[in-house]
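To keep things clear, I will list the structure first and then write my remarks on it.
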Amino acid sequence: MFDFISQFAGNIYEVVTTLPLHMLIILSFLMISVELPKYTLGFIVVMLTRPWRDYEHGRDVHELGKFSVIIAGHNEEDAIEKCVRSLDNQTVSGFEIICVDDGSSDRTFEIMTRLEREGLIHRAVRLELRGGKASALNMATRLATGDVFIILDADSNLEVDAVETVLMPLFDPTIHAVSGTVLCGNPEAGWVAKCQAIEYAVGIPLGRTLLNLFDQLVMVSGAFGAFKREAWEAVGGMDVGPGEDFDLCMRMRRMGYGIGFYHKSICYTDVPDQSWNLVRQRMRWERDAVWVRFRKLKAGLNPLSPVYRTKELWHNIEFMMLTVIPTFAMYIYLMYLMGTMQWIMIFTILGFLAIYYMINDVLCLCMSAIMLKRTDILKLIPWIPVMSSYNAFIMRGVRAYTFIDEWIFSRSMQDDFAPFKVQNWRVDSTPGEFKQR
C-alpha cells in the first residue's frame with residue numbers, strides 16, 4: 001500500500017514539475033476559486049478569531065423558568081430507555097420529561113410507561129396512529145409546562161452537563177433557540193459510521209461556530225436543541241412538511257428570533273451504518289434544504305415582500321456559493337479537462353483535490369479536538385483518507401443528482417416524513433394557518 005501511494009505521489013510530482021505556470025493555475029482553478037473558500041478560509045477564521053467561548057456557568061439555569069425535555073419517537077424500543085437514562089444523571093435537575101410514542105408497532109410505549117412508573121419520566125403519551133415527528137412534538141409542547149423546550153430524538157444520548165450548558169446562551173435576550181454539538185454515537189458500527197463521525201466532529205463545532213460568528217446560523221438539529229416557548233408558539237410550532245427542524249428555524253429567523261450555538265453542550269446520536277441508508281438520508285436533507293429555502297419560504301427572497309429581511313439573504317447566498325456551486329463546479333471542470341487534456345492530467349487534478357481534502361480535514365479535526373477539549377476524536381484521523389475521498393467524489397455526485405431531481409420534480413413532497421393522510425394537510429408559510437394540498 002505504501003509503495004502504491006509513493007508511486008502515485010511521484011507521478012503527480014513529475015507531472016506538476018513539467019507543467020508551465022499557466023497550466024498549474026488552470027489545474028488548481030477549482031480548488032482556489034471554490035474549494036479554498038469553502039474549506040480552508042472557514043478554518044482560518046475560526047482559528048484566528050477563536051469565537052467560541054465558555055458561557056458563565058455561575059448562573060442558575062432555573063432563572064430562565066421551568067424547562068421541559070420532550071422526546072418523540074417511532075419504533076424506538078432499542079433506544080428510548082438509554083436516552084431517558086442519560087437524563088437521569090444531569091448536572092441540573094427539576095425538569096419535566098415528556099415522551100411521545102408516535103404510533104409505534106413495537107414495544108416503545110411499553111418501555112415508556114415502565115419508565116414513567118419508575119419515576120424517570122413525568123408523562124408518557126401514545127398516538128395510536130402515526131402522525132409524524134412534527135405533530136408528535138407539537139402535541140407534546142402543548143402538554144409541557146416549561147418556559148423552555150429541550151427537544152431530543154429518541155436515539156440521542158447526552159453528556160452529563162448537556163442540559164445545563166445548552167440553556168446557557170438563552171440568558172442572552174436576543175437568543176431564542178440554541179443548537180448543541182451533535183457527535184456520532186456509534187462510530188464502531190463500520191467505515192460508513194466512522195466517516196460520519198469525522199464529518200460531525202468537524203462540520204458541527206467548526207461550521208456552526210463560524211456561522212454563529214456572523215449571525216447566520218439557520219439550524220437547530222432535531223437530535224438536540226433548546227427553544228424558548230414564546231418563540232416556538234409565535235411561529236406556530238413545527239410545520240408538517242419536509243425538513244421540519246430546519247423549516248422551524250428559518251421561520252424563527254424570519255420573525256426576528258435569534259439562533260445560537262454552544263459547542264460544549266454535547267449530544268450523541270446514532271448515524272446510518274450502511275452506505276445506502278446514508279445516501280437516502282443525505283438525499284432527504286438536500287431536498288429539504290432546497291424546498292424550504294426556495295419554495296416554501298421563497299417570499300423571504302423577494303425584496304418587495306413584507307417578510308423580506310436583508311440579513312436573511314446572506315445565508316442563502318452562502319448556501320449557493322459554498323454548497324450548490326461547488327457541487328456542480330467539479331463535474332463541469334472535469335468535463336472541461338476531459339475535452340482538453342490527457343487522462344494523466346485528470347488524475348493529477350483529482351489527486352490534488354484528494355490530498356488537499358485530506359490535509360484540510362486533518363487540520364479541522366485537530367481544531368475541533370481543541371475546541372471540544374476531546375483528544376479521543378483524533379483516533380479517527382486514520383479514516384480521513386476514506387472520508388475525504390468518499391465525500392468529495394461519491395457524496396458530491398449524490399448531492400448534485402438530488403439538487404437537480406428536487407428542482408425539477410419536487411421529490412421532497414413524496415418523502416414519508418409523515419403519513420400521507422397527514423401530509424394532505426399542509427402548513428402554509430404563514431404561521432398557524434393550514435391549507436389542504
Side-chain angles (χ1 to χ4, degrees), residues 66-90 93-146 148-158 162-163 182 185-186 189 220-227 229 232-233 237-245 248 267-273 277 280-281 284 415-425 427:
K66 186 175 182 180
F67 45 102
S68 305
V69 177
I70 297 172
I71 308 168
H74 173 75
N75 288 344
E76 296 285 0
E77 64 178 3
D78 295 329
I80 184 63
E81 183 164 358
K82 185 178 179 181
C83 176
V84 170
R85 292 192 179 279
S86 74
L87 293 164
D88 192 40
N89 61 348
Q90 290 293 304
S93 58
F95 51 88
E96 68 174 352
I97 303 175
I98 297 177
C99 292
V100 179
D101 172 27
D102 185 24
S104 297
S105 58
D106 63 3
R107 298 175 52 250
T108 297
F109 186 63
E110 178 183 334
I111 296 171
M112 287 180 178
T113 53
R114 173 171 58 79
L115 295 172
E116 184 180 25
R117 290 195 299 271
E118 294 176 8
L120 292 176
I121 64 177
H122 296 83
R123 188 163 185 177
V125 182
R126 174 177 172 79
L127 298 175
E128 292 297 333
L129 297 176
R130 177 172 170 257
K133 181 179 180 179
S135 59
L137 290 178
N138 285 337
M139 185 191 72
T141 56
R142 290 185 176 92
L143 298 174
T145 60
V148 177
F149 303 139
I150 299 174
I151 307 297
L152 284 178
D153 277 350
D155 60 356
S156 296
N157 300 286
L158 303 180
V163 169
V182 179
N186 58 329
V220 174
S221 172
F224 178 48
F227 301 84
R229 185 182 196 119
W232 180 285
E233 293 180 345
M238 280 197 169
D239 282 359
V240 176
E244 305 103 327
D245 42 11
L248 174 68
C267 162
Y268 301 92
T269 189
D270 289 344
V271 300
D273 57 6
N277 290 334
R280 290 181 60 190
Q281 179 196 68
R284 186 176 70 252
D415 283 346
D416 60 349
F417 51 84
F420 287 106
K421 61 177 173 31
V422 177
Q423 294 185 46
N424 283 335
W425 291 91
V427 180

Closest approach of [X] and [Y], non-hydrogen atoms and distance?
{"X": "E76", "Y": "D106", "answer": "N-OD2, 3.5 Å"}
{"X": "C99", "Y": "M112", "answer": "CB-SD, 3.7 Å"}
{"X": "C83", "Y": "L152", "answer": "SG-CD1, 4.1 Å"}
{"X": "A162", "Y": "F224", "answer": "O-CZ, 3.6 Å"}
{"X": "A223", "Y": "S156", "answer": "O-OG, 3.1 Å"}
{"X": "V163", "Y": "Q90", "answer": "N-OE1, 3.0 Å"}

Task: Any donor-acceptor N/O pair, H122 side chain to I98 backbone, under 3.5 Å - done: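 Judged by distance alone, no pair lies under 3.5 Å.
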Are [X] and [Y] packed together at the side-chain level, in the sense that at least one heavy-atom pair is separated by less than 4.5 angstrom?
{"X": "I150", "Y": "F95", "answer": "no"}
{"X": "L248", "Y": "D239", "answer": "no"}
{"X": "L143", "Y": "V100", "answer": "no"}
{"X": "V220", "Y": "D245", "answer": "no"}

TODO: Would you please test I97 and L120 for side chain to side chain contact (heavy atoms under 4.5 Å, CB included) and show each step?
DONE: CA-CA 8 Å; I97 303 175; L120 292 176; over 6 Å; no
From [X] [atom1] over to [Y] [atom2], what is the distance, rounded to the nearest 0.5 angstrom?
{"X": "E118", "Y": "D88", "atom1": "CD", "atom2": "CG", "answer": "10.0 Å"}
{"X": "D101", "Y": "L127", "atom1": "CG", "atom2": "CG", "answer": "7.5 Å"}
{"X": "C267", "Y": "D155", "atom1": "SG", "atom2": "CG", "answer": "8.5 Å"}

Open item on the list: Tell me if the aromatic rings of F227 and F149 count as close, with their centers under 6.0 Å from one another.
Closed with: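 No, the ring of F227 stays outside the 6.0 Å limit from the ring of F149, centre to centre.
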- [ ] Dump the intermediate steps for side-chain hydrogen bond (donor to acceptor under 3.5 Å, both in side chains) on E96 and S68, then the final yes or no.
- [x] CA-CA 5 Å; E96 68 174 352; S68 305; 2.5 Å; yes
TODO: Count the heavy atoms of every other residue, nucleotide or ligand shown that sit under 6.0 Å from CZ of R126, and state whether that count exceeds 12.
DONE: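 Yes.
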Open item on the list: Take a 6.0 Å sphere around CZ of R114 and say whether it holds more than 12 heavy atoms from other residues, nucleotides or ligands.
Closed with: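 Correct, the count exceeds 12.
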TODO: Determine the sole option in N138, D153, D102 for which the side chain to side chain donor-acceptor pair (under 3.5 Å) test with K133 is passed.
DONE: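 By the side chain to side chain donor-acceptor pair (under 3.5 Å) criterion, K133 pairs with just one of N138, D153, D102: D153.
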